[in-house]
Amino acid sequence: MQSGYENIKAEGAELIAISGDTQFGAGLTQDDLQITFPLLSDSNLQTVSDYNVLQQPSENLARPATYIIDEDGKIAWTDLGQRYGHRTNSGQIIAALQGL
């Protein structure tokens, strides 16, 4: 998503990623991948649980999920991955934003 981040911002949206890693681990990922959008830590998996995207309760692993939240705070679009490794690309996000 980093490669399309500026295009997402040009649509008037902000990209925020949430990781189940610790704050330190998320920071390492952000540095390693040179991510310039916010990458937040959810190491207690509270947000993962709130959005019901826990892949396997025994694994404490979130399945990939992308949400567009509108200006009223409501979910306007969702892409739920079925397995680890599925990622929504920036083109899909931009198309969804343009369709709102």
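Along the sequence shown, residues are numbered consecutively beginning with 1. Only heavy atoms go into these numbers, but all of them, side chains included; no hydrogens, no water, no symmetry mates.
- In this structure, R63 and N52 approach most closely via the heavy-atom pair NH2-O, 4.4 Å.
- Other residues, nucleotides and ligands contribute at most 12 non-hydrogen atoms within 6.0 Å of the CD atom of Q34.
- Not counting sequence neighbours, S90 has no partner by the side chain to side chain donor-acceptor pair (under 3.5 Å) test.
- Annotation: side chain of D70 is not in contact with side chain of L100 (no heavy-atom distance under 4.5 Å).
- In this structure, the side chains of Y5 and E14 come closer than 4.5 Å at one or more pairs of heavy atoms.
- Among all heavy-atom pairs drawn from D42 and V48, the shortest one is OD2-N, 3.0 Å.
- Side-chain atoms of D72 do not come within 3.5 Å of backbone N or O of K74 as any donor-acceptor pair.
- The shortest distance between side-chain heavy atoms of W77 and L97 does not fall below 4.5 Å.
- Separation of atoms CE (M1) and CD1 (I8) is listed at 7.0 Å; rounding is to 0.5 Å.
- For the residue pair L45 and G20, the shortest heavy atom distance occurs at CD2-CA, 4.0 Å.
- The local environment of CD in E11 is crowded, with over 12 non-hydrogen atoms from other residues, nucleotides or ligands closer than 6.0 Å.
- Residue D79 holds its CG atom at 11.0 Å from CZ of R87, rounded to the nearest 0.5 Å.
- Interatomic distance, CG of L39 versus CD of Q23, reported as 10.5 Å (0.5 Å rounding).
- Heavy atoms only, all atoms of each residue included: V53 and Y67 are closest at CG1-OH, 3.4 Å.
- Here the CG-OG1 distance, from L40 to T47, works out to 8.5 Å after rounding to the nearest 0.5 Å.
- Taking each heavy atom of I35 and T29 in turn, the nearest pair found is CD1-O, 4.3 Å.
- Without hydrogens or angle criteria, S43 side chain to T22 main chain gives no donor-acceptor distance under 3.5 Å.
- Judged by distance alone, with hydrogens and angles left aside, the side-chain atoms of Q92 form a donor-acceptor pair with the main-chain N or O of N89 at under 3.5 Å.
- Residues L15 and I69 do not share a hydrophobic cluster, clusters being chains of Ile/Leu/Val/Met/Phe/Trp/Tyr side chains in contact below 4.5 Å.
- The shortest distance between side-chain heavy atoms of I75 and Y51 falls below 4.5 Å.
- Under a cut-off of 6.0 angstrom, the local environment of CG in D50 is crowded, with over 12 non-hydrogen atoms contributed by other residues, nucleotides or ligands.
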